[in-house]
Structure formats: structure tokens, C-alpha cells
Amino acid sequence: MTKKLTRRQVAWRIAQDIEEGNYVNLGIGQPELVANFIPADREIVFHSENGILGMGPEPGPNEVDYDLINAGKKPVTMLPGGSFFHHADSFGMIRGNHLDICVLGAFQVSEKGDLANWSTGGPDAVPAVGGAMDLAVGARLVFVMTDHNTKKGDAKIVRKCTYPLTGPGVVNTIYSDIAVIDVRPDGLVVREKVPGISFDELQARTEAQIGGRASCRELSAPEIE
Amino acid sequence: MTKKLTRRQVAWRIAQDIEEGNYVNLGIGQPELVANFIPADREIVFHSENGILGMGPEPGPNEVDYDLINAGKKPVTMLPGGSFFHHADSFGMIRGNHLDICVLGAFQVSEKGDLANWSTGGPDAVPAVGGAMDLAVGARLVFVMTDHNTKKGDAKIVRKCTYPLTGPGVVNTIYSDIAVIDVRPDGLVVREKVPGISFDELQARTEAQIGGRASCRELSAPEIE
Amino acid sequence: MINKIVDTLQDAVSTIEDGAIVLISGFGESGNPTELTHALIDHGARELTLVNNNAGNGHVGLAALLESGNVRKMVCSFPRSTDSGVFDNLYREGKIELEVVPQGTLAERIRAAGAGIGGFYTKTSIGTPLADGKERRTYNCEEYVLEEPLHADFALVKADLADRWGNLTYRLAARNFGPIMCSAARTTIVQARQIVPLGDIPPETVVTPGIYVDYIVEVTNPASEREMIENGVHYVSGAAE
Amino acid sequence: MINKIVDTLQDAVSTIEDGAIVLISGFGESGNPTELTHALIDHGARELTLVNNNAGNGHVGLAALLESGNVRKMVCSFPRSTDSGVFDNLYREGKIELEVVPQGTLAERIRAAGAGIGGFYTKTSIGTPLADGKERRTYNCEEYVLEEPLHADFALVKADLADRWGNLTYRLAARNFGPIMCSAARTTIVQARQIVPLGDIPPETVVTPGIYVDYIVEVTNPASEREMIENGVHYVSGAAE
């Protein structure tokens, strides 16, 4: 039986690949979970697009201050050593390749690392892009956190994105609920997959061609409530 | 007899045209004298390229701090309300048309308001431009403070600059030791001239064509030691 | 004596004319000049173009200004939110024009306007529909798109401390768009939580130098848009109903 | 634990390699990282390209580095000064290459490198020989010239306070080129007057966020170049004679 990871387990898995001293931006929504699973011995500096370095955990109920929110507009706290700066400086930091890692959600990722995560192209949708395009081109490493398939079972890891792109060739690693897949110059390579799913089954759930059959390891995460 | 102004009197004359609340950059050298003659009832904010707004007078002997210098690298003081910023912000302020006035020296000014003040084009000279080109294009009004003629008697207010330009069409008003001349779309217009020099004599000392014969007023300044 | 302080919100916004391009500071609900925005609704200037990261929430502040019918065009990076119905409806009914700009490009275009830059190249949006029709340039083997400065007639900005010269500081992350918007507008109008004597803000900690500021009005206890929305406030010109 | 503090000036500059492009902060004698510059002379990296507003004074700091013979090219806005004989002689003898850049363009090119901008348009230098051969563009009926970012391998910067994350403040007008140079170099090396515990610098008053800084060394009583020059100091590798 396929033992797919919960979202919190995917967040845990991503957190293991964030190294001591990294400057990290966590996209709005699911990627924010990653902050909860950084190993205790690693000091990480979290960036938020609205002009913060050194964000700490969620505030307690009496500490909430709506002048101190993250890009997702949720209240946060500051660690000692944090700093504030204006929006042009914040995106200079992003575009100028100073962030080590950003973790983003995705509608689709292509075999070339193209990312589509801002628009499904619907004629009625109000277009909204935010900082995703800047993060996609700016961060040294772009990690994608996503379910492997849509609720309807469609592939999200595709040959070619059908949705409008956020950025071409920007993704480095895809962390799904069943696999960790690196985007390499010669294509997608499965680094890890969950037990109970064969490589062929994984390929069947992935529209893009995947490699790494021989070398891929087991993807596992601790039980997280 | 021509009663030409001393440099300090020219500085005084320029100071009279600086209005309450103006943001002003004084070029290195002679233009710095202008700060001494601002009427006492006017509050002016002085800018320095190296990242200062709100410079005050020269420090007393015990107040000198070489971390607080102006663009001419001379020690200055700060007025209450002053601020520091970095070089990119300082020149953004200049280029972005936020300064009301800058006062610059000149080798030559043309009848179109072209300014040449950074290089005499000599083959042996070490080229050096500093912030002059930014100030010339950035300040809303560019005042030139200059002797009317060179020591050899050559015209400095010319038909066409022969020295390399600092900026084309940038000068608004020329304050010389014998006249105040505005650069207008239709040419140079003498606003004031010192007593004892006829308009024809002034024209003879000015290579460029000058107008304003009928309307020009007397240029005078108080005695200044 | 330089004195940029004005007594009332009404005085502060009184020169905003029909057709103006107006920058409005804030991100989420930090740094929003809600009181100035409401004063602009009362003032009644029409056919405005607004620039903000978002497009308002509930029926207060920016959303109320949209709802007033006085806005022709919205320039922003992310108009959608959980409570952006006012904008959504105007947009779907074709009653407002929308220019979506990536957030960093929006910030840099505003900064460029303030800093006298006549355009800049960014990698952001290359390969996406938002780069369509724009000039490109290859630098260092990578493709960049040309973006133009975003000049404005007015900026409405919320600050923390201010002095009579217009020097400003900001609280925490409420700084966001304030400093660059102050620099990019022909006329900058600021609501500050507290006006302090000249010299009280140390020169090393001034965030916005006064040169960028034209009018300051003190709003000691600025409203929380969140609380107003939770209380069902609909701001309508002249009266909160 | 993040700790960017190193014990010695020698450690701080030890990775600077031959051929490196090195930004050096300072204007006049405010903000010069004199001790780091002397350490670079001792370190002995050759064929350097240096970027500073000026080209050194006397025979100390930047001038001493030029005099060491290890500099291939100088990028600056104003190489001349009353005491810039070292550079003047090298230049007249054809022993050093010079790129003169208007001061604001120099600052903006450094800022662009740090901020991921692939070029920008400025009016500065239009109509002058310094715009010769450069791409142009008309924006809003005015002509602009294209300038490219100025990326560097290293920055040597003098700060006032620093913490172990690399957050920095600067004294008075010594801020000048520091913040933008920190952002534009692959590796940024800072000498700070005082290293303080993390959290001692309030987050609103940090001028350079630590993300831009790699190494910090404490130099409690930095030398005054002026005093050294007045005392006739010639800095030579390994010994001040």
C-alpha cells in the first residue's frame, strides 16, 4: 500500500534540506508549514517579501501586532538579529540572488523546471501574481511543495506546462507527497519515493519522463500529528 | 569704473535667489561660500552628495569629526532635522529632481545653457567627473557661479562650449562677477549688470549673444569683508 | 520656517485633482493610510488611478475608495484576497481597468520614478505572459525585460514618527511601500502617528528624509481596518454607517 | 549557530584571489576600511580591479594598495585630489587602467548589481563624452543612456556596529558606499568598530541586513588616514615605515 506523506510530513522533508545559516523565503500557504520542522540545531533566517529578515514563530495571543505580518498577511514575531527594510530593498534582495532557498507551491512543474503557480488562465479569474515571479527567478534554489497529482488525479509534473508560467526553468527540486524529484539539466531524476509505490507506478502518475530508477532511495518522514 | 563683485559678493547675490524651504546642493569650492549668506529668516536644507541632508555650518575646532564631511571632504555639522543615507539613495535624490537648486562652478557656459565644468580636455589631465553630471541633469534649477572671463580675459559665456560637456542645456542662471544672466529658450537674457559697465561692454566680454538691454537692472551687493 | 504639518485630513488631501495617479502605501493591513484614504473619498476627486500592492478588503480604506466609483484604474500585484469582493465585482463588471505587475517590479518601478531612472531591466516575468510585448535585452547570457518608472501625482503614506521637515520613521513591517512611494510622487501626503520636535529623530535612523514629503497630518490612533471589517463598517463619504 | 565573526584581518581577506574585482567603501576619509585594505596588501593578491569613489591619498589605505603594484584597474568617479600622487603617477606612466564613471552612475551600477537589475537608463552623461558608444533610449521625450550593473567578487567595508549575523550600522556620513557595496559583492568583508550581541541593533535601525555580509572583524580604534598622512606614514606590506 502506498504510504503517501501528509502535508506536514512533506514540510518536514523539505526542512531537512535547509542548511544551517540559509536565508529562506517560504511561499504563502502550505510552504509556511516548513518553518515548524527546522531541526533544532540549525539557525535559519526567514525572509518575507514585505520587508523582513529574521522572522520568528507565530505570536502568542497577546503578542499579535498587525504591523508585524508576513507576506501571507499573518502575524509573526521577530528573532533577535532581525531587520526591516522597504519593498524595493526586499525585492532587490530577492532578485539579486541573495536568498538561498525559496519554497513555493505549484499548479504545474515541467520536466525542464518550468513553474506555473499563479494563474490557471481562466477567463473569469482576477489575475494576481504577487511576488512569485520574483522569487522564482531570484532565489538560488527553488523548492516546490506540491501534491503529486491534482484531486482529480491529473499529473502536476508535466512535459510542458499548460498554465501560464511563473518562470521558465527555475525549479530545482520538487517535494511531493510521494517523491522527491530533482530537476537536472538532462531531465527529472527521482531522488526518493515513498515505500509501496513502484517506479513504474510513480512514472504512471507523472506525465513527464522521470529517471533515477536505480539510485532512488526511500522517502520517509516521522509520524507528525 | 566697473565695480565688479568679489566672490563673496557673488555668493551673497546667489543666496538672495534661494527661497525659504529650498533643498540646495552647493558644488565643491566657490559655491560653498553661498551658505554663509542665506538671509537669516530663511530655512534652507543643504544636501551633500555623500549622503547628507540638513548640513549646518563649519564645526568649531573641538567639534571636528571626519566621519561628518561634505562632498568637498571638509568637516561639517548637522542641523536638527538632518538625515544620512547611502550613495545610491543620495544620487536617486539628485537624479530624481528632488533638489530645488544646485550651484556649480563652470569652465564654460553656452548660449543654450550647456555646461562644461569637469575637464579642459587636456591630454595629460587625469579625467575626474565626480557628481557634477548628476547634479547638472538632476537639480530643478542649476545656478552657475563663475568669473565672467578667464584670467587671460577669454569669454567663459560662449556660443558653443569647446571643452567636453558636463550636461547639455542644463544651466538656468549664470551669476558672474559683473552680471546675472538667465538662460531662456530664446537665448541669454541679462537680468542684472554691475554699474559702470555699459551693455555693449558686457556684450564685448561675452562671446554669446546677450539680450535684455532694455530691462536689465543694477547688480549690487553689500560690502562684505 | 519650514513647516509641512497641516491641521486636518481634509487640508492634507485638498489638492488631489480628478484624473490623478495616487500611490497608496501599505501591505495587508500594515502601513495603510486609512484615514487619508477616507479623506480622499470625502474630497471626491474622480477618475483616479490607484497604485497599491493589493486591491482592498471589506468596505473600508482602499476598498471603500474603489466602491465610491471614483477609480478608473488599479495598478497592483495581487488584487485577490479573502475579502476583496468590491474590487472583484468592479473588475468582473468591466467597471475598472487592472494592470497586474509582479510585486518586485512594482516596487522597483516606483523606486525608479523617485530616483530618476528612465527604465530598468529585470529577469522577472521573462517567459511569462506579463512580459508580452515588452522590450528585451540579453545581459550576461540571460534575458531581461524592460520596465518603465511608475511616476505618480500623489502618494498617501502612513508613517510612525514625523517632524516638521517631513522626516519619517515607520513601525515594524509597516514600512513596506512607504519610503519608495514618498519618493515617486509629485506631492506626498503623510499621516503620522506622532509628530515630534525637529531633531528628535536621530539622523542615522530617519527612514524617509523630509525632502520627499509635502504634507503631514497627525493621526494619533489610526483605525484598524481589520476591526472595522469585523464590525461590518462600510465607509461612505461623510459618514461611517 | 550563524557566526560571521572572524578573529583577524588576515583571516578576513584570506580568500581574495588574483584578478578579483574588489569594492572598497569610503568617501574622502569617512568610511574607509583602512585596516582591511592594509591586510589585502599583506595578503598579496595581484591583478586586482578596485572600485572606490576616489583613488587614494598619501601612501596609506587605497593609495598604498595602488602603490603595491597589485592593481590592474581603477574604477572611480574622481581620482584627483590634493594628495593623489600615487594614482596620478601610475596613470601617467600607463601602469594602471582607469574607468571614470559619474558618481551617481557608479552608485547606481553598484546598487543594480546587488538588486538583480540587468541595466538601467540614466540621463546622466547624455551629451558628454562619457556616453560615447553606449546604448540610448528615449523616455518621456528625454534621452537616457544605458548603464550596466557593476558586480564584484569582494567588498571591503567599514561599519560602526555589527552582530554575528552581519547586521550593520554606520557612523554619520561614513555610511556612503557601504550598504550598496555590501549587496553587490559575491563575498563581503566588514571591519566594524564594535561587535555587539545579536538583538542589540533594533530591527528598524539596521542599515545593512546581515544577508549581505560574509565576514566581520572587529577593529576597535580604526586608524585615521589623515593622521597617518600628516605623520608621513608609507604603508608597505608587513611594516609601516
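Just so we're clear, the structure is a prediction, and the values are computed from it rather than from any experiment.
Residue contact with chain B, scored on non-hydrogen atoms closer than 4.5 Å, is absent for Ile110(D). Residue Ser90(B): no heavy atom, backbone or side chain, is found under 4.5 Å from chain D. Only the side chain of Arg92(D) comes within contact range of chain B, with heavy atoms under 4.5 Å apart. In this structure, no portion of Val207(D) lies under 4.5 Å from any heavy atom of chain B. Contact of Leu130(D) with chain B is made through the side chain alone, with heavy-atom distances under 4.5 Å. Heavy atoms of Phe27(D) lying under 4.5 Å from chain B belong to its backbone as well as its side chain. Using a 4.5 Å cut-off between heavy atoms, Thr105(D) touches chain B through backbone and side chain atoms alike. The parts of Ile69(B) that come within reach of chain D are both its backbone and its side chain, each placing non-hydrogen atoms under 4.5 angstrom from that chain. At a 4.5 Å heavy-atom cutoff, Arg109(D) makes no contact with chain B through either its backbone or its side chain.
Chain D forms the most heavy-atom pairs under 4.5 Å with one residue out of Ala71(B), Ser48(B), Gly167(B), Gly51(B), and that residue is Ala71(B). In terms of non-hydrogen atom pairs under 4.5 Å with chain B, the most contact-rich of Leu106(D), Asn53(D), Val100(D) is Val100(D). Ranked by heavy-atom pairs under 4.5 Å with chain B, the list Ala55(D), Ala107(D), Ser84(D) is led by Ala107(D). Among the candidates Leu68(B), Ile52(B), Asn70(B), Val137(B), the residue making the largest number of heavy-atom pairs closer than 4.5 Å to chain D is Val137(B).
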Start with the C-alpha gap between Asp134(B) and Lys123(D), add the side-chain angles, then the distance that decides, and say whether salt bridge (charged side-chain N to carboxylate O under 4.0 Å, His left out) holds. CA-CA 8 Å; Asp134(B) 301 283; Lys123(D) 274 193 284 189; over 6 Å; no
Apply side chain to side chain donor-acceptor pair (under 3.5 Å) to Lys73(B) and Asn57(D), showing your working. CA-CA 12 Å; Lys73(B) 288 147 194 177; Asn57(D) 286 290; over 6 Å; no
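Distance check: Glu29(D) CD to Asp67(B) CG gives 8.5 Å after rounding to the nearest 0.5 Å. Expressed to the nearest 0.5 Å, how far OH of Tyr66(B) lies from OG of Ser30(D) amounts to 11.5 Å. Going from atom CD of Gln103(D) over to atom CG of Leu135(B) covers 8.5 Å, rounded to the nearest 0.5 Å. Atom OG of Ser77(D) sits about 11.0 Å away from atom CH2 of Trp118(B), to the nearest 0.5 Å.
Residue Lys134(D) places its NZ atom among more than 12 non-hydrogen atoms of other residues, nucleotides or ligands, all under 6.0 Å distant. Within 6.0 Å of CD on Glu192(B) lie more than 12 heavy atoms contributed by other residues, nucleotides or ligands. The number of heavy-atom neighbours closer than 6.0 Å to CD of Gln194(D), taken from other residues, nucleotides and ligands shown, is above 12. For Arg136(D), the CZ atom is densely surrounded, since the number of other residues' heavy atoms within 6.0 Å is greater than 12.
At least one side-chain heavy atom of Phe87(D) sits under 4.5 Å from a side-chain heavy atom of Val126(B). Within the 4.5 Å cutoff, no side-chain heavy atoms of His86(B) are placed close to those of Asn176(D). Thr166(B) places none of its side-chain heavy atoms less than 4.5 Å from the side chain of Thr128(D). In this structure, the side chains of Phe91(B) and Glu108(D) stay at 4.5 Å or more apart for every pair of heavy atoms. Within the 4.5 Å cutoff, the side chain of Tyr91(D) has heavy atoms near those of the Pro127(B) side chain.
By the 30° and 60° cut-offs, the orientation of the rings of His87(B) relative to Phe177(D) is parallel.
For the pair Pro79(D) and Ala128(B), the tightest heavy-atom approach, listed with the atom from each and the gap, is CD-CB, 3.5 Å.
Ion pairing between Arg111(D) and Asp89(B) fails under the 4.0 Å rule for side-chain N and carboxylate O.
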